[in-house]
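Sequential numbering from 1 along the given sequence is applied to the chain's residues.
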Amino acid sequence: QLAQARNTLYLSLLFACLMIIAVYFAQNFNALSKLNAARFKELLEEVDLVAIMLDNDGLVTFCNDYLLELTGWEYDDVLGKDWFSRFLLPPWVDDKAHFPQTLQDGKIEAHGERLIQTRSGETRWLMFSDTLLKDTQGNIIGIASLSVDITERKYAETKIQELNAELEDRVVVFRLR
């Protein structure tokens with residue numbers, strides 16, 4: 001009986017040690033996960049890219065300072081507000097009606113260009129990359145988007161096209177002489 005009691009005590013101590021180790025690793029994993037999430041959020045806040053997250057209804061759940069600086073809006077004017085009506089112009093603003101179903105179907109446009117409007121009414125071109133956000137059960141809970149402001153590039157492309165057209169007109173006139 002003494003040997004059996006000793007074995008029971010050893011097993012109990014072993015079990016207690018294993019539980020302590022499991023709790024330790026769980027806490028460290030949780031702390032590491034939080035640290036990584038905090039680092040990622042800091043990256044999104046500091047990068048010179050537009051970073052936004054929308055919920056299934058198209059409401060802004062996250063935006064970085066770069067978007068606010070680019071558009072002239074304040075954080076309180078954007079967080080929790082409808083992305084479509086706040087920033088998008090036709091034809092993109094009309095995507096709002098189909099947005100929830102598009103998300104649930106998982107058929108988002110992953111890459112492309114869109115025009116947004118700033119608070120002052122100026123338009124800016126963004127080249128975006130979108131990805132679906134999912135919870136731990138795999139349910140779609142929104143969308144995350146990183147975008148580059150390509151407005152100056154678009155203006156330069158337009159200017160080049162205009163200059164090319166002007167040059168072609170001059171060549172035609174020169175050939176006719």
Side-chain angles (χ1 to χ4, degrees), residues 22-161:
V23 167
Y24 172 78
F25 280 117
Q27 287 175 338
N28 281 340
F29 179 75
N30 191 23
L32 185 59
S33 292
K34 287 180 181 178
L35 180 62
N36 284 337
R39 286 179 180 158
F40 185 67
K41 184 177 183 210
E42 183 179 338
L43 170 70
L44 291 178
E45 289 172 345
E46 298 299 323
V47 72
D48 284 342
L49 296 170
V50 172
I52 60 163
M53 292 181 192
L54 308 178
D55 68 11
N56 286 341
D57 296 320
L59 302 180
V60 177
T61 58
F62 171 84
C63 70
N64 64 354
D65 289 340
Y66 187 75
L67 171 72
L68 300 176
E69 291 168 18
L70 185 67
T71 62
W73 291 102
E74 298 292 326
Y75 191 70
D76 292 338
D77 297 324
V78 175
L79 190 68
K81 303 297 189 279
D82 181 62
W83 166 257
F84 295 88
S85 62
R86 177 74 63 194
F87 293 102
L88 299 187
L89 297 166
W92 296 283
V93 73
D94 301 329
D95 291 344
K96 168 69 175 170
H98 310 288
F99 183 71
Q101 189 60 49
T102 300
L103 278 187
Q104 292 312 309
D105 292 343
K107 296 181 179 178
I108 62 168
E109 184 178 0
H111 309 283
E113 297 176 358
R114 68 172 61 102
L115 195 61
I116 64 167
Q117 186 170 350
T118 67
R119 184 176 195 155
S120 66
E122 177 188 7
T123 56
R124 307 293 297 185
W125 278 99
L126 299 180
M127 182 170 54
F128 67 89
S129 290
D130 290 350
T131 188
L132 294 171
L133 297 173
K134 297 180 180 181
D135 64 16
T136 55
Q137 288 79 36
N139 300 312
I140 296 170
I141 58 169
I143 192 169
S145 182
L146 287 177
S147 303
V148 177
D149 180 10
I150 59 168
T151 305
E152 298 307 318
R153 186 188 89 188
K154 286 289 213 181
Y155 289 149
E157 288 172 357
T158 300
K159 186 65 175 172
I160 288 170
Q161 289 171 352

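- Looking at Asn64, its side chain does come within 3.5 Å of a backbone N or O of Leu67 through a donor-acceptor pair.
- Partners of Lys134 according to the side-chain hydrogen bond (donor to acceptor under 3.5 Å, both in side chains) rule, which considers only residues two or more places apart in sequence or in another chain, do not exist here.
- Here the closest heavy-atom approach between residue Thr123 and residue Leu115 is recorded as CB-CD1, 3.8 Å.
- The backbone N or O of Asp57 sits less than 3.5 Å from a side-chain atom of Lys96, completing a donor-acceptor pair.
- The CD1 atom of Ile52 lies 7.0 Å from the CG atom of Asp130; values are rounded to the nearest 0.5 Å.
- Interatomic distance, NZ of Lys159 versus CD of Glu152, reported as 13.5 Å (0.5 Å rounding).
- Among residues two or more places apart in sequence or in another chain, the side-chain contact (heavy atoms from CB on, under 4.5 Å) test is passed with Asp77 by Trp73, Glu74, Arg119.
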I'd like to know whether Leu133 forms a side-chain contact (heavy atoms from CB on, under 4.5 Å) with Thr61, so could you lay out the CA-CA distance, the side-chain angles of the two residues, the decisive distance to 0.1 Å, and finally the verdict.
CA-CA 12 Å; Leu133 297 173; Thr61 58; 5.6 Å; no
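- With respect to the salt-bridge test (charged N to carboxylate O, under 4.0 angstrom), the residues Glu109 and Arg114 do not qualify.
- Remark: Gln161 pairs with no residue by the side-chain contact (heavy atoms from CB on, under 4.5 Å) rule, at least two apart or across chains.
- Here the OG1 atom belonging to Thr118 is positioned 14.0 Å from the CD atom belonging to Glu69, to the nearest 0.5 angstrom.
- Separating the CG atom in Leu146 from the CE atom in Met53 is a distance of 8.0 Å, to the nearest 0.5 Å.
- Contact record, Asp149 with Trp125: OD1-O, 3.2 Å, taken as the closest heavy-atom pair.
- With rounding to the nearest 0.5 angstrom, the CZ atom of Phe84 is 13.0 Å from the CD1 atom of Ile116.
- Listed by chain and residue number, nothing satisfies the side-chain hydrogen bond (donor to acceptor under 3.5 Å, both in side chains) test with Arg86 (two or more places apart in sequence, or in another chain).
- Checked against Val60 for a side chain to side chain contact (heavy atoms under 4.5 Å, CB included), the options Asp82, Asp55, Val78 give a single hit: Val78.
- One finds the CZ atom of Arg153 at 5.5 Å from the CE atom of Met127 (value rounded to the nearest 0.5 Å).
- Taking all atoms of both residues into account, the shortest heavy-atom contact from Phe128 to Ser147 is CB-OG, 3.3 Å.
- A search for side-chain hydrogen bond (donor to acceptor under 3.5 Å, both in side chains) contacts involving Thr136 returns nothing, not counting sequence neighbours.
- Under the rule for a side-chain hydrogen bond (donor to acceptor under 3.5 Å, both in side chains), Asn56 has no partner lying at least two apart in sequence or in another chain.
- Two residues are said to be in side-chain contact when any heavy atoms from C-beta on lie closer than 4.5 Å; Leu54 and Leu103 fail this criterion.
- Looking at Asp135, its side chain does come within 3.5 Å of a backbone N or O of Gln137 through a donor-acceptor pair.
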